[in-house]
2 protein chains.
Amino acid sequence: MKPITVYDIAKEANVSVATVSRVLNNTAPVKKATRDRITELINKYQFQPNALARSLTKKETGMIGIILPDITNPFFPEILAGFDKAARSKGYTYFLCDTVSSNEDNTDQYARESQYLSLLMEKQVDGIVMIGGRIDLAKPGQELTNEVMELGKRVPIVLVNGNLPGAGLTRVAADEKLGAELATQHLIDQGHKEIAIIGGFKHMSNTIARTQGFTRTMEKNGLPIRKEWMINGGFSVRKGFRFMEELLQGKVRPTAVVCVNDLIAFGALKAATKAGLRVPDDLSLVGYDDIPFASYTSPELTTISLKAEELGSQAADILHKLITKNKVPKLTKIVPELRIRESTAPPASLSAN
Amino acid sequence: MKPITVYDIAKEANVSVATVSRVLNNTAPVKKATRDRITELINKYQFQPNALARSLTKKETGMIGIILPDITNPFFPEILAGFDKAARSKGYTYFLCDTVSSNEDNTDQYARESQYLSLLMEKQVDGIVMIGGRIDLAKPGQELTNEVMELGKRVPIVLVNGNLPGAGLTRVAADEKLGAELATQHLIDQGHKEIAIIGGFKHMSNTIARTQGFTRTMEKNGLPIRKEWMINGGFSVRKGFRFMEELLQGKVRPTAVVCVNDLIAFGALKAATKAGLRVPDDLSLVGYDDIPFASYTSPELTTISLKAEELGSQAADILHKLITKNKVPKLTKIVPELRIRESTAPPASLSAN
DNA sequence: TCATATACTGTAATCGGTTTCATAAATTGT
DNA sequence: ACAATTTATGAAACCGATTACAGTATATGA
């Protein structure tokens with residue numbers, strides 16, 4: 001029951017393997033009669049050339065690797081969907097490498113990235129996409145940077161929504177700061193003055209950028225920023241719940257809060273609801289990321305779309321260009337969009353007027 | 001800048017490639033001095049053996065393929081997380097093959113499955129996992145069945161949550177009917193008598209099983225089933241919204257509804273909320289799947305956990321056994337669990353008593 | 001008609017490993 | 001001290017394709 005090979009086909013067709021290979025790849029003219037005879041055999045035996053053997057000589061595998069933190073976080077499947085579509089249309093298949101969700105102790109995400117990186121090299125992938133993880137760090141360790149940088153010399157790498165300062169790698173990224181500015185300005189435009197921002201980790205670049213966008217917009221509008229209204233320490237619904245509780249315990253309460261991501265916003269929504277507040281009547285909430293679930297809640301969540309699909313498809317396009325030795329910009333910025341839904345409204349003080 | 005090979009190492013170490021291979025795989029004794037010399041060179045050059053070449057002779061790649069409909073549907077990432085963990089611990093890397101989310105016209109999901117199937121064969125994967133798609137059909141076409149069945153003879157295949165009757169393939173599946181029974185009985189236990197069921201497609205096996213569980217439980221409890229309270233035609237939030245609207249327009253309204261999946265439940269929740277109903281006070285809702293979001297809404301959704309992670313990890317374990325020629329049961333059933341949260345309560349008529 | 005392309009095909013090398021077989025060297029047992 | 005193992009290593013075949021090179025047959029042109 002051995003799988004059949006070009007040799008089997010060649011023998012039965014009374015030609016050499018070279019000729020079989022020629023009709024397989026249409027790489028040189030073959031007499032019609034011969035070609036027909038061969039194609040017929042190929043169909044008869046459902047012959048499929050062994051991709052390993054082919055890749056070994058061709059030095060290209062049509063495989064790429066995508067490394068991301070946690071497929072269970074709904075933001076990533078969105079990116080992946082965009083990536084998948086674009087990658088496939090170009091003939092690539094990809095390995096999914098999740099560095100967190102399969103990790104019980106959660107302690108060595110970066111080690112896991114390294115493992116995957118070298119695994120992918122062994123598998124001879126044509127390119128690698130990295131999303132999140134070490135590239136999300138505000139100040140990644142130099143070793144980590146070097147490791148990826150070295151690899152970048154051997155195989156095309158695209159960084160999505162992150163950076164390794166100094167590594168000089170090609171990136172595709174949402175304009176995080178702009179997104180936060182959009183969110184904050186939207187609240188201000190509605191009349192809010194007492195605005196808080198919650199969620200994220202202060203050692204992560206996206207948190208920093210988003211916070212910066214918030215701060216800058218507040219300042220630009222001459223609004224005060226209260227330190228106790230800037231809470232971080234996580235990205236989860238549970239954390240969002242806690243942060244909001246904390247906010248609600250304060251003597252003065254904000255009338256609106258910018259959440260560093262949608263999950264935090266959901267947690268905040270729950271906490272607010274539980275405390276008897278009505279969103280958006282008593283409190284406005286803006287999320288960030290626009291995961292699909294954002295439009296499933298009631299009220300539907302006003303949020304910032306990072307256009308995850310586009311992020312993914314751009315990553316694939318750019319990686320492809322890199323692989324085919326085309327020139328690409330060092331940084332492709334995706335501009336985020338405000339998605340106004342139901343969780344934001346003018347503050348009660350205003351509507352009471 | 002060519003990548004270095006065993007030959008390079010061999011030459012510099014003054015040994016033959018065979019010896020290098022030996023220390024690489026620990027497959028035969030090598031004199032300590034020689035071994036040290038070689039390992040040192042391996043480290044020096046950061047040598048990584050080419051997996052293509054290795055796989056070509058070894059006839060095993062350590063790669064598996066996982067085919068699923070839509071990574072954007074939060075149920076699948078859960079499965080994937082479980083799968084990932086188990087698969088990796090056994091040394092596998094996997095190709096993610098999404099048959100829907102990257103598909104604009106959505107018309108040829110099955111064709112896509114076929115393409116992926118043959119692609120995976122070319123890539124010489126050690127095994128394949130299929131989730132959803134054609135295996136979810138109540139009565140899949142014979143051609144589809146045959147195709148997969150034939151493939152099953154050449155490479156191990158595990159079907160997750162689905163079936164191809166007659167193909168005799170190994171399966172891992174949640175007990176769909178039991179899940180629906182649990183959900184329905186829970187509502188009945190709370191005192192509900194007027195119960196509807198919404199969502200799904202009646203040509204799909206899971207919908208059929210879930211509906212059957214519902215029907216059977218209602219009958220067992222001597223409760224009537226109204227035909228107009230059984231609505232299907234989709235799995236999305238949008239559809240759930242519509243179905244619930246439809247339900248609410250009827251002269252008689254149910255006091256509880258079983259939703260064929262969580263997304264439908266979210267839609268139903270929105271529609272109910274919009275109509276001024278309070279869940280669970282005025283209406284109880286049970287979901288199905290227990291996707292992560294289920295506990296993010298308020299009220300949190302009572303639902304049936306199919307234990308997606310376990311489904312995934314079992315699939316990986318079983319596939320591994322198949323690959324390593326171990327015996328496995330034809331069908332591994334995962335028993336679902338009722339997760340009681342906040343969307344169910346006794347009907348108003350009762351609490352009014 | 002003869003020189004020159006062009007069409008068609010085969011031989012053998014190659015990709016980068018693993019593995020069988022053979023052989024030499026070092027141990028062991030008695 | 002010598003046969004019998006065991007250790008250590010190399011030469012070469014092999015996995016299943018692609019492809020450079022070479023050669024023959026046919027076609028085209030002057």
Side-chain angles (χ1 to χ4, degrees), chain A residues 1-39 41-42 45-63 118-119 121-126 154-155, chain B residues 1-39 41-42 45-63 118-119 121-126 154-155:
Chain A
M1 264 310 230
K2 292 202 182 336
I4 71 160
T5 71
V6 276
Y7 291 92
D8 303 322
I9 301 283
K11 192 190 233 176
E12 188 161 343
N14 264 310
V15 294
S16 74
V17 289
T19 303
V20 177
S21 177
R22 282 177 192 118
V23 349
L24 238 30
N25 304 292
N26 232 294
T27 173
V30 173
K31 191 160 66 181
K32 182 153 190 323
T34 325
R35 150 170 279 123
D36 287 349
R37 192 150 28 97
I38 293 174
T39 34
L41 287 170
I42 288 176
Y45 291 116
Q46 296 265 59
F47 168 69
Q48 290 183 291
N50 181 323
L52 296 176
R54 185 205 299 266
S55 298
L56 188 55
T57 40
K58 287 259 195 106
K59 287 176 182 319
E60 67 176 51
T61 57
M63 310 187 303
S118 77
L119 180 72
M121 293 304 288
E122 279 183 18
K123 300 275 190 222
Q124 312 294 123
V125 294
D126 290 341
R154 317 201 122 277
V155 65
Chain B
M1 266 304 233
K2 291 203 180 338
I4 71 160
T5 71
V6 276
Y7 291 92
D8 303 323
I9 301 284
K11 191 189 231 176
E12 189 162 342
N14 264 309
V15 295
S16 74
V17 289
T19 303
V20 177
S21 179
R22 281 178 192 118
V23 348
L24 237 29
N25 303 293
N26 232 295
T27 175
V30 172
K31 189 161 67 181
K32 182 152 190 327
T34 325
R35 148 170 281 122
D36 286 349
R37 191 149 31 96
I38 293 174
T39 36
L41 286 170
I42 289 177
Y45 291 116
Q46 297 264 59
F47 169 68
Q48 289 183 292
N50 182 324
L52 297 175
R54 186 206 299 266
S55 298
L56 189 55
T57 40
K58 287 261 196 103
K59 285 172 183 321
E60 68 175 53
T61 56
M63 309 187 303
S118 77
L119 180 73
M121 293 304 290
E122 280 184 18
K123 300 274 191 221
Q124 313 294 122
V125 294
D126 290 341
R154 317 202 123 276
V155 66

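Throughout, a chain's letter reflects where its sequence line sits, starting with A, and its residues are numbered from 1. Values below: all heavy atoms of this structure, side chains included; hydrogens, waters and symmetry mates excluded.
Here the side chains of V155(A) and M121(A) are in contact, with some heavy-atom distance below 4.5 Å. Looking only at side-chain heavy atoms (C-beta outward), T5(B) and K11(B) stay at 4.5 Å or farther from each other. Between L24(A) and I42(A) there is a side-chain heavy-atom pair separated by less than 4.5 Å. In this structure the side chain of V23(A) never reaches within 4.5 angstrom of the side chain of T34(A), judged on heavy atoms.
Here dA17(D) presents its C1' atom at 10 Å from NZ of K58(A), a figure rounded to the nearest Å. A straight line from CD of E122(A) to P of dT18(C) spans 10 Å, rounded to a whole angstrom.
If you check dG17(C), dT18(C), dG10(D) against the side chain of S21(B), the one that comes closest is dT18(C).
The two residues E60(B) and D126(B) have their closest heavy-atom pair at CA-OD1, 3.5 Å.
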Heteroatom pairs (N/O) under 3.5 angstrom, protein to nucleotides 12-15 of chain D:
| unit_1 | atom_1 | unit_2 | atom_2 | d |
| --- | --- | --- | --- | --- |
| dC15(D) | O3' | K59(B) | NZ | 3.0 |

Pairs: protein N or O with nucleotides 21-29 of chain C N or O, under 3.5 Å:
none

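Heavy atoms of V20(A) sit nowhere under 4.0 angstrom from any nucleic acid atom. When heavy atoms are screened at a 4.0 angstrom cut-off, T19(B) is found touching the sugar-phosphate backbone but no base atom. Among the protein residues, N14(A) comes within range of the sugar-phosphate backbone only, with heavy atoms under 4.0 Å from sugar or phosphate atoms but none that close to a base.
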Distance-only check: which donor-acceptor pairs under 3.5 Å involve side-chain atoms of residues 46-53 of chain A, not counting sequence neighbours?
| unit_1 | atom_1 | unit_2 | atom_2 | d |
| --- | --- | --- | --- | --- |
| Q48(A) | NE2 | S118(B) | O | 3.1 |
| N50(A) | OD1 | L52(A) | N | 2.7 |
| N50(A) | OD1 | A53(A) | N | 3.3 |

Can you give me every donor-acceptor pair (side chain of residues 13-21 of chain B, partner residue at least two apart or in another chain, under 3.5 Å) with its distance?
| unit_1 | atom_1 | unit_2 | atom_2 | d |
| --- | --- | --- | --- | --- |
| S16(B) | OG | A18(B) | N | 3.4 |
| S21(B) | OG | N25(B) | ND2 | 3.3 |

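In this structure, CD1 in I9(A) is found 8.5 Å from CD1 in I38(A), a value given to the nearest 0.5 Å.
Rounded to 10°, the helix from dT1(C)-dA30(D) to dT30(C)-dA1(D) has 30° between the axis fitted to its first five pairs and the one fitted to its last five.
DNA chain C is contacted by V30(A), K31(A), T34(A) of residues 30-39 of chain A, taking any non-hydrogen atom closer than 4.0 Å.
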